[in-house]
**Q** 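Encoded as structure tokens, here's the structure I'll be asking about.
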2 protein chains.
Amino acid sequence: MLTERQLQVLQVIIDEFIHTAQPIGSRAIAKKEDISFSPATIRNEMADLEDLGFIEKTHTSSGRIPSEKGYRFYVDHLLSPSRLSRQEMTVIADTFQREMIEFEKVVQKSARVLSDLTNYTSIILGPRVFETTLKQIQIISLSDQAAVAILVTSTGHVENRYFNVPASMNASDLEKLVNILNERLTGVPIIQLQEKLYGEVAELLLKHSSDFEATYNYLKAALLEEQPVKLYMDGKTNILLQPEFNDVHKIQALYSVMEQEEEMANILRTSGEGIKVSIGQENQLDEMQDCSLITATYSLGEKQMGTIALLGPTRMEYSRVISLLNVLSKRLTNTFHSWY
Amino acid sequence: MLTERQLQVLQVIIDEFIHTAQPIGSRAIAKKEDISFSPATIRNEMADLEDLGFIEKTHTSSGRIPSEKGYRFYVDHLLSPSRLSRQEMTVIADTFQREMIEFEKVVQKSARVLSDLTNYTSIILGPRVFETTLKQIQIISLSDQAAVAILVTSTGHVENRYFNVPASMNASDLEKLVNILNERLTGVPIIQLQEKLYGEVAELLLKHSSDFEATYNYLKAALLEEQPVKLYMDGKTNILLQPEFNDVHKIQALYSVMEQEEEMANILRTSGEGIKVSIGQENQLDEMQDCSLITATYSLGEKQMGTIALLGPTRMEYSRVISLLNVLSKRLTNTFHSWY
DNA sequence: TGTTAGCACTCTTTTTACATGAGTGCTAAA
DNA sequence: TTTAGCACTCATGTAAAAAGAGTGCTAACA
């Protein structure tokens, strides 16, 4: 559909604009190495590219900038996978080299690396808990009124849930309670906790002693408490480095939406498997219409466990970002795999 | 030193400027209710106040704005404690009303309330762990190579430390280990963990079985690992609302410094007891020289446990902020007290 | 027929000039 | 001691002019 020459011109415009953030004129394009035609010819091609909607002008007599459709085409057809530099590879390797047994730390470091290497904002959605099973439950009494239940999942995730305890419960009662819970709930998928807890466990507990009822109610609430998704962000201030964001209102809008963790998590969660690119208006949220979001997933076996993403201006280094996300997501998947 | 009239004029200038962020001219001051002299008189007083360094001009023929020295004087001598509105009291009461047994949540909510009510950025330094004692320790094996130690402190704080386990350790070994640890370490102040661990516990463990040596080394590292201070911030985007921060570079500088959690924590930690006000250049960090930081402490018994603070422009509603911090810090102290 | 040089035209950006208005400092009168 | 009056300063706003970058179109060229 596009001629070879049009492709060349489009590529130059996008590559240039990604680095300079300035409109590109025909003269500038003509000066490029692999371009061997005059500015006038390029102007003709540019007029065509504009008619097709791949580039646009900022005003009547300005150079051209890529349109969102242009970026889309670029990402879909023009992108040459960029090799990571040796230095980048080293940084990444170092991150994963240390003996790491705590998933949270791995994720935090990954987020840091991503934002450091790109100057964009990295967002990582932590592994889904409900894909895992309960490994063990512990209850530790804090006072005569409060206790904390500690849940450990098969993926080594530890979670603390505080709850009230009626004064009538003593230490040995609690111990019995824990034993029953462990006996019945160990190995149960987190997602099935609720039905188990309502069903047999409730029965068993109440049969054991009617004193348990109040405790059971408190505990139930604590255990079933919807736990917030873990969202790791890094490099939020990187956005401020981008020239398209030297308007305080834009910053304000974007930061506000980034603070809505639930919403962001949702976007990442519903991103499909593999690398996905959302450019400008393709994003669900109005506040992100000047941005591009690139997501990749990591998994354990067949199950998709979480998402890593980079958020930047639509004028993004797509090629490099995609390569980076590819590498990082594979690393995360491997790390995850090696543990379980 | 200052005449009654000068005090009045200074007060009006600061009060006005705090609300409008605009230089105040003599005419505007003369129009104020409790001012009964002409603009010309006020101009004379203003010239004196400027000579004394309490106010300054933005340019030769502008109105006056408070200098940092002016704010300092205002805070030290002119401040009338502002009563919180009923609505504010309600919001705060609501925050603490719910039955709360988890300190982290209380702190998070306090931070939220502070930033919501003030439109500044709230920063809370969580309670110091080393003031507490170890209540219980649990070890849960995650795989044949990894385990997690769960520390519960006397304040109900729960902490997870992941560590490696040599393959030679089996479940009953681990159990023995936990028993020894609990027996010897329960009730020990966190700050003394190290010496205990190096001394008698090491001896005991190694005597028990030389197999424990490797495990002991891993565990020791995990337990003694310097845990990062918990810093809770809320309302970071509020800064963007302040007219003095519509310069992207200023935002950038301030946000960068806020991301340095260690540094921020240090500043809060070394703030003295009670309410402290740092105005502009009085702040340690260069990046905060356009800001004021107001801190208050909360405590358990005699021991100062943590700090709550508000960060905003030097043009801050000192009176209201101080009242708010007073109330909140007392509430936190009470909550803390009621638990232990 | 595709390519290119030439040129008028458009629109932004920068500069300059000028008018306006807020506010001051000073002087002199009350 | 206070205040009215006035010249002066400086920021802000507006308008016009100049500069510059880049386009679209036409006509010539290969």
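In what follows, every chain begins at residue 1, and chains take the letters A, B, ... in the order their sequences are listed.
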**Q** So does B/R43 reach the base of D/dG5 with its side chain, donor to acceptor, closer than 3.5 Å?
**A**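 Result: at least one qualifying N/O pair found.
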**Q** Is there a donor and acceptor pair, one atom on the side chain of B/S61 and one on the base of D/dT9, closer than 3.5 Å?
**A**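 Indeed there is one.
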**Q** What is the distance, to the nearest angstrom, from the CD1 atom on B/I55 to the C1' atom on C/dT24?
**A**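 The answer, rounded to whole Å, is 12 Å.
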**Q** How long is the line joining NZ of B/K57 and P of D/dA11, in whole Å?
**A**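 About 12 Å, once rounded to whole Å.
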**Q** Roughly how many Å is it from CG in B/D48 to C1' in D/dT1, rounded to a whole number?
**A**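 About 13 Å, once rounded to whole Å.
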**Q** Are OP1 or OP2 of C/dT4 and a side-chain N or O of A/T41 less than 4.0 angstrom apart?
**A**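 Yes, because at least one side-chain N or O of A/T41 sits under 4.0 Å from OP1 or OP2 of C/dT4.
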**Q** When the distance from CZ of A/R27 to P of D/dT23 is rounded to whole Å, what number comes out?
**A**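 So the CZ-P distance, A/R27 to D/dT23, works out to 11 Å.
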**Q** Can you check the A/M46 CE to D/dT23 P distance for me, whole Å?
**A**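 It works out to 4 Å between those atoms.
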**Q** Nearest heavy atom decides the nucleotide; on that basis, is B/H59 or B/P39 closer to the 5' end of DNA chain D?
**A**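 It is B/P39 whose nearest nucleotide is closer to the 5' end.
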**Q** Can you see if the side chain of A/S26 gets near the phosphate of D/dG22 - specifically, an N or O under 4.0 Å from OP1 or OP2?
**A**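 The answer is no; no side-chain N or O of A/S26 sits under 4.0 Å from OP1 or OP2.
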**Q** Please list residues of residues 5-17 of chain B whose heavy atoms come under 4.0 Å from any atom in DNA chain C, ordered by number; otherwise none.
**A**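 Contacting residues: none.
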**Q** Does B/F37 or A/S62 map to a spot on DNA chain D nearer the 5' end, using the closest nucleotide for each?
**A**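 This one resolves to B/F37.
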**Q** How many Å lie between CG on A/N44 and P on D/dA27, as a whole number?
**A**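 Between P of D/dA27 and CG of A/N44: 15 Å.
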**Q** Can you name the nearest heavy-atom pair linking A/L49 to A/Q6, along with the distance?
**A**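 That closest heavy-atom pairing would be CD1-O, 3.8 Å.
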**Q** Check whether any side-chain N or O of A/S67 sits under 3.5 Å from a backbone N or O of A/E56 as a donor-acceptor pair, and report yes or no.
**A**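 Here the side-chain-to-backbone pair does not exist.
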**Q** Please state how far atom CD in A/E45 lies from atom P in D/dG24, giving the value in whole angstrom units.
**A**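 For the pair A/E45 CD and D/dG24 P, the rounded distance is 12 Å.
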**Q** Report yes or no: does A/S319 contribute a side-chain atom to a donor-acceptor pair with the main-chain N or O of A/S80 at less than 3.5 Å?
**A**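 Yes; judged by distance alone, with no hydrogens or angles, the pair exists.
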**Q** Check salt bridge (Lys or Arg N to Asp or Glu O under 4.0 Å) between B/D286 and all other residues, then give those that pass, not counting sequence neighbours.
**A**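 In terms of salt bridge (Lys or Arg N to Asp or Glu O under 4.0 Å), with neighbours along the sequence ignored, B/D286 is linked to no residue.
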**Q** Going by atom types alone, do B/S292 and B/Y318 pair a side-chain donor with an acceptor below 3.5 Å?
**A**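 Indeed, the side chains of B/S292 and B/Y318 share at least one donor-acceptor pair under 3.5 Å.
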**Q** Does B/S38 place a side-chain N or O at less than 4.0 Å from the phosphate oxygens OP1/OP2 of D/dT3?
**A**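 Yes, within the criterion.
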**Q** Nearest heavy-atom pair of A/T314 and A/C291: which atoms, and what distance?
**A**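 For A/T314 versus A/C291, the nearest heavy atoms are CG2-O, 3.6 Å.
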**Q** Measure the distance from CD on A/E50 to P on D/dG24 and round it to the nearest whole Å.
**A**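 Interatomic distance, CD of A/E50 to P of D/dG24: 7 Å.
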**Q** State which residue, out of B/L328, B/L114, B/V113, fulfils the side chain to side chain contact (heavy atoms under 4.5 Å, CB included) condition with B/S122.
**A**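 The option that passes is B/L114.
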**Q** Measure from the side chain of A/R64, starting at C-beta and using heavy atoms only, and say which of D/dT23, C/dT4, C/dA22 lies closest.
**A**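 Nearest nucleotide to the side chain: D/dT23.
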